[in-house]
Amino acid sequence: MRIYALVLAFTLVFAPMVAQAKILDIQELKTPNGTTVWLVEDHTLPVISLSFAFRAGVEGNPPEKQGLAQLLSNTLDEGAGNIPSQEFQGTLRDRAISLAFDTSRDEFSGDVRTLVRHKDKAFELLKLALAKPRFDAEPVERMRKANLSRIRSNLGDADWIASRILYSRIYAGHPYGLNSGGTLESMQKLTAGDLRAEWKRLAGRDRLVVGITGDITRDEAVKLVDDVFAGVPEKAAPQKIEKAPMPVAGKPVFYAKDMPQTILTMAWDGLSVHDPDYYASVVMDYIFGGGGFTSRLMAEVREKRGLTYGISSGAMHNDYADRYTVSGSMQPQNVAETLKLVKEIAANMGKQDVSADELKAAKEYLVGSLPLTFSSTLRIAGTLVNLQLNNRPATALDDYRAKIEAVTPADIRRVAARIFAAEPVVVMVGA
């Protein structure tokens with residue numbers, strides 16, 4: 001799931017380096033087969049990382065096949081071509097090659113990291129997995145059981161229950177509202193034939209974006225990408241997904257569960273990463289509830305009044321919906337007062353200017369924090385893919401500081417008034 005995609009990508013990953021003239025030397029390439037590749041050459045270590053994504057995800061799974069894309073991501077590297085699962089995985093392990101696939105509501109992705117001396121084998125295996133996955137009975141059943149175990153465990157997790165109920169409300173009637181991880185019923189029924197059909201639905205070079213970082217030249221990268229993805233169809237099956245409108249809030253939903261606390265979640269319609277107020281929303285969120293103990297929610301709800309164990313806010317960005325959420329846990333008798341107070345703090349954000357000290361602290365953190373997530377070639381490659389998936393230019397990282405520094409108290413007041421204009425959807429799980 002691409003949750004907080006741009007907030008995390010910019011505020012936690014790239015912002016710290018904006019003081020430099022150029023954060024990353026991103027080369028925008030196009031292969032002879034038409035695939036877009038973003039490359040950052042780094043010859044300091046003999047390592048190559050490649051990340052990719054197809055712009056299609058679990059939103060295409062029908063209700064009776066919930067979890068299909070998830071199971072596909074678990075089994076795509078369990079043997080390919082004439083190489084069975086055990087041998088395939090053994091080769092990866094023996095050469096310290098990292099190969100993994102993942103899925104979200106909007107894309108199916110994968111990545112590989114390898115030492116240069118093993119690059120031929122690493123990309124040979126990736127190519128096989130993409131072109132000739134096996135989906136043998138034993139690994140499919142093994143991964144099915146692992147997913148069933150995960151689902152059963154989730155069914156007892158209050159946070160997971162709260163999220164599932166919230167998604168069913170804020171994405172009502174839309175594929176986003178389905179269970180991307182699958183249900184006990186749907187996971188039992190998925191077959192190898194379903195996996196083959198799902199891969200055919202997802203994979204197409206017309207939906208492909210690629211990011212590469214490491215000890216490789218641009219000419220090598222272009223040649224590599226066209227070779228690795230040669231077995232992927234030129235075009236994927238067409239899909240038509242509508243926007244997910246934010247429903248009217250209605251009455252709060254309460255799910256009774258025997259536990260000593262209650263989990264409270266609230267959601268409003270959010271702003272797109274392409275909205276003119278996006279950068280103002282990043283700063284607003286930090287001050288409101290995204291800045292940990294420095295945020296207003298933590299200061300007012302926890303520190304001053306002791307109403308909650310913890311509370312925070314954040315944006316959820318998807319291709320067909322944007323939402324803004326608040327989540328916290330508290331003793332049952334504190335729920336009503338917490339709910340009222342959060343609404344008051346939210347309304348105040350849209351009526352009164354934040355203080356100069358709050359604004360300064362938010363900007364200093366967002367611009368100056370040094371992220372550990374920017375410390376490996378694999379994470380940088382993933383960053384290049386995420387920027388493309390969000391239709392951001394390669395210069396977006398270099399522009400970030402100026403965008404954040406330009407945010408004014410009036411901007412924050414305006415964006416808060418937009419987000420908090422309507423009543424939130426409210427879900428409570430617990431006693």
Side-chain angles (χ1 to χ4, degrees), residues 1-12 104-106 157-172 174 176-180 243-255 261-273 275 277-278 280-292 295-298 300-302 307-330 335 338-347 349-350 412 415-430:
M1 180 186 301
R2 215 168 346 131
I3 298 176
Y4 313 116
L6 266 291
V7 176
L8 287 178
F10 290 162
T11 65
L12 300 182
S104 74
R105 284 179 165 78
D106 294 314
D157 185 287
D159 289 304
W160 182 88
I161 293 171
S163 294
R164 283 303 317 137
I165 297 174
L166 183 71
Y167 294 164
S168 70
R169 293 291 309 280
I170 63 177
Y171 303 129
H174 192 273
Y176 283 167
L178 299 177
N179 190 341
S180 61
K243 289 284 187 180
M246 184 70 179
V248 176
K251 295 182 179 180
V253 175
F254 177 71
Y255 180 94
Q261 62 183 21
T262 297
I263 294 173
L264 170 68
T265 58
M266 309 166 66
W268 294 260
D269 200 11
L271 303 185
S272 163
V273 297
D275 191 286
D277 277 333
Y278 168 71
S281 73
V282 172
V283 181
M284 188 281 293
D285 173 61
Y286 184 88
I287 295 171
F288 176 65
S295 72
R296 288 188 175 185
L297 288 184
M298 285 291 279
E300 297 293 332
V301 181
R302 172 176 165 159
L307 295 174
T308 177
Y309 302 110
I311 189 166
S312 62
S313 65
M316 300 168 59
H317 298 296
N318 293 107
D319 287 349
Y320 304 100
D322 297 280
R323 302 290 186 258
Y324 188 78
T325 65
V326 168
S327 180
S329 58
M330 63 217 66
V335 171
T338 299
L339 182 59
K340 179 183 177 182
L341 184 57
V342 170
K343 290 182 179 180
E344 290 176 354
I345 297 170
M349 291 288 296
I412 294 175
V415 77
R418 289 181 61 189
I419 292 175
F420 301 128
E423 282 292 306
V425 170
V426 177
V427 172
M428 295 169 282
V429 173

> Is a donor on one side and an acceptor on the other found under 3.5 Å between the side chain of Lys340 and the backbone of Val335?
Replying inline: no
> Taking the side chain from Asp277 and the backbone from Val415, do they hold a donor-acceptor pair closer than 3.5 Å?
Replying inline: no
Nearest-0.5 Å distance, [atom1] of residue [X] to [atom2] of residue [Y]:
X      : Y      : atom1 : atom2 : answer
Thr308 : Glu300 : OG1   : CD    : 13.5 Å
Tyr278 : His317 : OH    : NE2   : 5.0 Å
Tyr286 : Arg296 : OH    : CZ    : 13.5 Å
Asp322 : Trp268 : CG    : CH2   : 15.5 Å
Ser180 : Arg164 : OG    : CZ    : 7.0 Å

> Does the pair Lys343 and Glu423 meet the rule for a side-chain contact (heavy atoms from CB on, under 4.5 Å), with working shown?
Replying inline: CA-CA 9 Å; Lys343 290 182 179 180; Glu423 282 292 306; 2.8 Å; yes
> What's the verdict on side-chain contact (heavy atoms from CB on, under 4.5 Å) for Val253 and Met428, showing C-alpha distance, side-chain angles and the deciding distance?
Replying inline: CA-CA 6 Å; Val253 175; Met428 295 169 282; over 6 Å; no
>> Could you go through Met330 and Val301, starting from their C-alpha distance and side-chain angles, then the distance that decides it, and tell me whether this counts as side-chain contact (heavy atoms from CB on, under 4.5 Å)?
In response: CA-CA 10 Å; Met330 63 217 66; Val301 181; over 6 Å; no
>> Going by side-chain contact (heavy atoms from CB on, under 4.5 Å), Val427 matches just one of Ile170, Thr265, Ile161, Ile263. Which one?
In response: Thr265
> Of all heavy-atom pairs between Gln261 and Ser329, which one has the smallest distance, and what is that distance?
Replying inline: NE2-CB, 3.9 Å
> Within 45 degrees of the axis of the six-membered ring of Tyr167 and under 6.0 Å from its centre: does Arg105 put its NZ or CZ there?
Replying inline: yes
